[in-house]
Visitor: 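Right, I'll just put the structure down here and ask away after.
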Protein chains: 2
Amino acid sequence: MDQVDSKILSLMHENARISISEMSKMIAMSQPAVSERLRKLEEQGVVTAYRAQLSPQKLGKHTSAFVMFKTNCCPDFIKFCEASPEIVDLYRISGEYNFLMKVLTETSESLTQFLDTCNPYGFSTTIIVLSTAFEDKSLITSKV
Amino acid sequence: MDQVDSKILSLMHENARISISEMSKMIAMSQPAVSERLRKLEEQGVVTAYRAQLSPQKLGKHTSAFVMFKTNCCPDFIKFCEASPEIVDLYRISGEYNFLMKVLTETSESLTQFLDTCNPYGFSTTIIVLSTAFEDKSLITSKV
DNA sequence: GTTGAAAAAACAGAGGA
DNA sequence: TCCTCTGTTTTTTCAAC
């Protein structure tokens, strides 16, 4: 992991569909060399996936919320969460609550309906997202 | 936005570096047709970005937390957050707190140091992430 | 790490259901 | 309108160095 790798990761964070040849021009290195470095970063698990980022709004998901949950049936609860399309992220947390999840629903009504389906598993507190200032800031501080 | 578009978005969520030609085989449609559909989805803003997903651990970020913040100097606070590399996500929220942020730091010590830098802006509550059950579940429920 | 040739993919235009 | 077919250009892969 040197500065060239950092630059590759930084470019890939900006646009994961950039071609290897374009990257190779930007970092002044031959295309097979860049290709091999990227392959190694994938192999080492530094790059875990390449994902298209989709607009929730354009897909009809207009309500976003974080829900903190307190449950004592963890394995079942995790299965339930995996099967719930509304839940995009699920974290195990410390403190009064067990879990924190990010939820996307069409409307506040469908959020209510979703919360009702969670009731059998325990107690929750819901934090409504009013707006997103920014998301997915790069983990890499690339020089050059 | 028909089922073919859904399938394209689903494939792109799984692997954003998939080639158009491979997708065209999978959905039994010619390559220019798939290419044009993807172009339109980008143009319409359904696809907002393509990002490499990086492993925080492999980049030395071993501590993950959500921090709720209460501040009365919003514009300045947002600028501060944008300039803080530890903060990857920032949301405006309803309730007792103003903001919710996701923070990644190297250790719990560096999390403490980060929280100290936030002090001038208001009050915070920190939720430590013990583990991630899952993240970035697909927004698309693609048939076929 | 570079170069250069072969294979694959993306692009752009013409024409058809 | 949306798709397919086809030829051209670009990119990727793989050999040898």
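Each chain gets a letter, A, B and so on, in the order its sequence line appears, and its residues count up from 1.
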Visitor: Closer than 3.5 angstrom, by distance alone: can the side chain of A/Arg17 be matched with the main-chain N or O of B/Ile18 as a donor-acceptor pair?
Guide: yes
Visitor: Taking the side chain as C-beta and beyond, is there a heavy-atom pair between B/Ser124 and B/Phe99 under 4.5 Å?
Guide: no
Visitor: Sequence neighbours excluded and cut-off under 3.5 Å, please list the side-chain donor-acceptor pairs for residues 68-78 of chain B, or say none.
Guide:
| from | atom 1 | to | atom 2 | distance (Å) |
| --- | --- | --- | --- | --- |
| B/Lys70 | NZ | B/Glu96 | OE2 | 3.4 |
| B/Thr71 | OG1 | B/Cys73 | N | 3.2 |
| B/Thr71 | OG1 | B/Tyr121 | O | 2.5 |

Visitor: What nucleotide among D/dT11, D/dC2, C/dG1 has an atom nearest to a side-chain atom of A/Met29?
Guide: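 Nearest to the side chain of A/Met29 among the choices is C/dG1.
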Visitor: Closest approach to the side chain of B/Ala33, judged atom by atom: which nucleotide of D/dT12, D/dC3, D/dT13 is it?
Guide: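 Out of D/dT12, D/dC3, D/dT13, the nucleotide with an atom closest to B/Ala33's side chain is D/dC3.
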Visitor: Whole angstrom is fine here: how far is it from CD in B/Glu22 over to C1' in C/dA10?
Guide: 14 Å
Visitor: Closest to the B/Ile20 side chain: D/dC3, D/dT12, C/dA10?
Guide: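 Taking heavy atoms from C-beta onward, the closest nucleotide is C/dA10.
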Visitor: Picking from C/dG4, D/dT12, C/dA12, which would you name as closest to the side chain of A/Pro32?
Guide: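 Per side-chain heavy atoms of A/Pro32, the pick is C/dG4.
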Visitor: Taking OP1 and OP2 of D/dC5, is either one under 4.0 Å from a side-chain nitrogen or oxygen of B/Ser30?
Guide: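 Checking B/Ser30 against D/dC5: no side-chain N or O falls below 4.0 Å of OP1 or OP2.
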Visitor: Take the protein atom CZ of B/Arg39 and the nucleotide atom P of D/dC3, then report the distance between them rounded to whole Å.
Guide: 12 Å
Visitor: Whole angstroms only, please: what is the CG-C1' distance between B/Leu38 and C/dC11?
Guide: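 My rounded result for the distance is 14 Å.
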Visitor: If we count only N and O atoms by modelled type, under 3.5 Å, do the side chains of B/Ser84 and B/Glu86 hold a donor and an acceptor together?
Guide: no
Visitor: Go nucleotide by nucleotide along DNA chain C from the 5' end; which of B/Gln31 and A/Arg37 gets its closest nucleotide reached first?
Guide: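 Upstream on the strand: A/Arg37.
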Visitor: C/dA10, OP1 or OP2 - any side-chain N/O from B/Ser21 closer than 4.0 Å?
Guide: yes
Visitor: Which nucleotide in the set D/dC2, C/dA9, D/dT11 lies at the smallest distance from any side-chain heavy atom of B/Lys25?
Guide: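 When the side chain of B/Lys25 is considered, C/dA9 is the closest of D/dC2, C/dA9, D/dT11.
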Visitor: Measure the distance from CD on B/Glu36 to C1' on D/dT1 and round it to the nearest whole Å.
Guide: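 In whole Å, D/dT1 C1' lies 11 Å from B/Glu36 CD.
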Visitor: Could you check whether any side-chain heavy atom of A/Lys137 comes within less than 4.5 Å of a side-chain heavy atom of B/Pro85, counting everything from C-beta outward?
Guide: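 The answer is no; the side chains never approach within 4.5 Å.
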Visitor: Ignoring backbone atoms, establish whether B/Ser35 has a side-chain N or O less than 4.0 Å from OP1 or OP2 of C/dC11.
Guide: yes
Visitor: Let me know the distance between CZ of A/Arg17 and P of D/dT11, rounded to the nearest Å.
Guide: 14 Å
Visitor: From CD of B/Glu42 over to C1' of C/dA10, roughly how many Å is that when rounded to an integer?
Guide: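 After rounding, the gap between these two atoms is 13 Å.
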